[in-house]
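Reminder, nothing fancy here: chain letters follow the sequence lines and each chain counts from 1.
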Number of protein chains: 2
Amino acid sequence: MAMRPELLKGHVDALLLAVLEPGPQHGYAVIESLRAGSNGTLDLPTGTVYPALHRLERAGLIGSDWETVGGRRRRTYHLTTAGRAALGEHRALWDEFSIAVSALLGGGTKPAPA
Amino acid sequence: MAMRPELLKGHVDALLLAVLEPGPQHGYAVIESLRAGSNGTLDLPTGTVYPALHRLERAGLIGSDWETVGGRRRRTYHLTTAGRAALGEHRALWDEFSIAVSALLGGGTKPAPA
DNA sequence: TCACAATACTTTGCGACGCTACATATGGAG
DNA sequence: CTCCATATGTAGCGTCGCAAAGTATTGTGA
């Protein structure tokens, strides 16, 4: 929860899709990927991630398969074609949004992506 | 509404405070400043901005004064000391947040600085 | 003169969604 | 045997952006 309020509103979908882009992952792993990939900043609770994954599946952006590993049932999610397209749109939207906000907030430091 | 969904969730306060930082403005002017300062990307409806300004005033982050210009009543808002402090926190939060999201969304194009 | 746009502010109510809290189940470490 | 990490799930709450509708004044064009 390193982020105070829910600044995430509306951005969670994009993040989940992005995390699944390199390859399928199950919910718990997704949460860890988000934490790792954001250097600990984004530590989303299960009550946020699982419902969001269900939502994305209902929307047809991801698909899921159950599997059992070491006696534990896990549900592995993967991007669909529509999901890949949606991710592209989310990225474009994020760029536009972040540029606009950064411009208005002014003096703030700029993100230095890879 | 150039932004489709409400990606703004949680970021509106920061934007309003930032717009008021250079000097007092009334609500209608705030909306235009946001549009101008974001190159047209952020075109917030009155139903978003006015309630948000009331909220910020209740929270003690801004203050307001009524004035009449050319027969029109307008309410001019200005930052309080607490508002200035809050703006600083919002900026820090935005930096952290945007860096994290940009890192996760990866390959996306980089924001072009002012 | 009359209609309409722009300026300027307000409020009701809906809907979306992140989060807290709680519930369930297994495997491994101490 | 207990505790923690792994792994998934749901109910309910609260926040807040937004559409929509309303009020009032000034300026403009037909």
> Please, which pairs that meet salt bridge (charged side-chain N to carboxylate O under 4.0 Å, His left out) have at least one residue in residues 28-40 of chain A, sequence neighbours excluded?
Replying inline: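 Counting only pairs at least two positions apart or across chains, the salt bridge (charged side-chain N to carboxylate O under 4.0 Å, His left out) contacts touching residues 28-40 of chain A are A/Arg35-A/Asp43.
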
For nucleotides 26-30 of chain C, which of its nitrogen or oxygen atoms have a protein nitrogen or oxygen under 3.5 Å away, and what is each distance?
| residue | atom | partner | partner atom | Å |
| --- | --- | --- | --- | --- |
| C/dT26 | O2 | A/Arg72 | NE | 3.4 |
| C/dG27 | O4' | A/Arg72 | NH2 | 3.2 |

> Could B/Arg91 and B/Glu21 be called an ion pair, given the rule that one side-chain N must be under 4.0 Å from one carboxylate O?
Replying inline: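 Yes.
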
Nearest whole angstrom, please: distance from the [atom2] of [N] to the [atom1] of [X].
| X | N | atom1 | atom2 | result |
| --- | --- | --- | --- | --- |
| B/His11 | C/dG18 | NE2 | C1' | 12 Å |
| A/Leu15 | C/dC19 | CG | P | 11 Å |
| B/Leu16 | D/dG17 | CG | C1' | 12 Å |
| B/Tyr28 | D/dA24 | OH | C1' | 14 Å |
| A/Arg74 | D/dA5 | CZ | P | 17 Å |
| B/Leu44 | D/dC18 | CG | C1' | 10 Å |
| B/Asp43 | D/dA19 | CG | C1' | 14 Å |

> Under 30°, 30 to 60°, or over 60°: which ring-plane class applies to A/His11 and B/His11, parallel, tilted or perpendicular?
Replying inline: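 Geometry flag for B/His11 against A/His11: perpendicular rings.
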
> Would you call the rings of A/Trp94 and A/Phe97 parallel, tilted or perpendicular if under 30° counts as parallel and over 60° as perpendicular?
Replying inline: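 Plane angle between 30° and 60°, so tilted.
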
> Which atom names give the shortest non-hydrogen contact between A/Ala14 and B/Leu105, and what distance separates them?
Replying inline: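 Minimum heavy-atom contact is O-CD2, 3.7 Å.
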
> A/Gly37 and B/Ala103: which non-hydrogen atoms are nearest, and at how many Å?
Replying inline: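 Result for this residue pair: O-CB, 3.9 Å.
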
>> So for the helix from C/dT1-D/dA30 to C/dG30-D/dC1, with five pairs setting each end axis, what is the inter-axis angle to 10°?
In response: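 The angle, to the nearest 10 degrees, is 10°.
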
Rounded to the nearest 0.5 Å, what separates atom [atom1] in [X] from atom [atom2] in [Y]?
| X | Y | atom1 | atom2 | value |
| --- | --- | --- | --- | --- |
| A/His26 | A/Leu53 | NE2 | CG | 11.0 Å |
| B/Thr41 | A/Leu93 | OG1 | CG | 10.0 Å |
| B/Leu17 | A/Leu104 | CG | CG | 12.0 Å |

Donor-acceptor pairs under 3.5 angstrom involving side-chain atoms of residues 60-70 of chain B: please list them, not counting sequence neighbours.
| residue | atom | partner | partner atom | Å |
| --- | --- | --- | --- | --- |
| B/Ser64 | OG | B/Glu57 | OE2 | 2.7 |
| B/Ser64 | OG | B/Arg75 | NE | 3.2 |
| B/Glu67 | OE2 | B/Thr76 | OG1 | 2.4 |

> Taking DNA chain C as the partner, which of residues 49-65 of chain B come within under 4.0 angstrom of it by heavy atom?
Replying inline: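 Those residues are B/Tyr50, B/Pro51, B/His54.
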
>> Can you confirm whether B/Asp13 sits close enough to B/His90 that some side-chain heavy atom of one is under 4.5 Å from a side-chain heavy atom of the other?
In response: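 Touching, per the 4.5 Å side-chain cut-off.
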
> Where the side chain of B/Trp66 is defined as all heavy atoms beyond and including C-beta, which of C/dT10, D/dT8, C/dC19 is the nearest nucleotide?
Replying inline: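 Nearest to the side-chain atoms of B/Trp66, counting from C-beta on, is C/dT10.
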
Taking only N/O atoms, report every protein-nucleotides 20-23 of chain D pair under 3.5 Å with atom names and distance.
none

> So, B/Ser98 side chain and B/Asp95 main chain: donor-acceptor pair closer than 3.5 Å or not?
Replying inline: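 Yes: the side chain of B/Ser98 pairs with the backbone of B/Asp95.
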
> Under 3.5 Å, is there a donor-acceptor pair between the side chain of B/Thr48 and the main chain of B/Leu44?
Replying inline: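 Such a contact is absent between B/Thr48 side chain and B/Leu44 backbone.
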
>> Need to verify one output field. Residue with the more 5' nearest nucleotide on DNA chain D, A/Glu32 or A/Tyr77?
In response: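 Looking at the nearest nucleotide for each, A/Glu32 comes out on the 5' side.
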
> Knowing that exactly one of A/Val19, A/Val12, A/Leu20 qualifies, which makes a side chain to side chain contact (heavy atoms under 4.5 Å, CB included) with A/Leu16?
Replying inline: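 Going through A/Val19, A/Val12, A/Leu20 one by one, the side chain to side chain contact (heavy atoms under 4.5 Å, CB included) with A/Leu16 is satisfied by A/Val12 alone.
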
> Think A/Arg75 has a side-chain N or O under 4.0 angstrom from the OP1 or OP2 of D/dT8?
Replying inline: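 No.
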
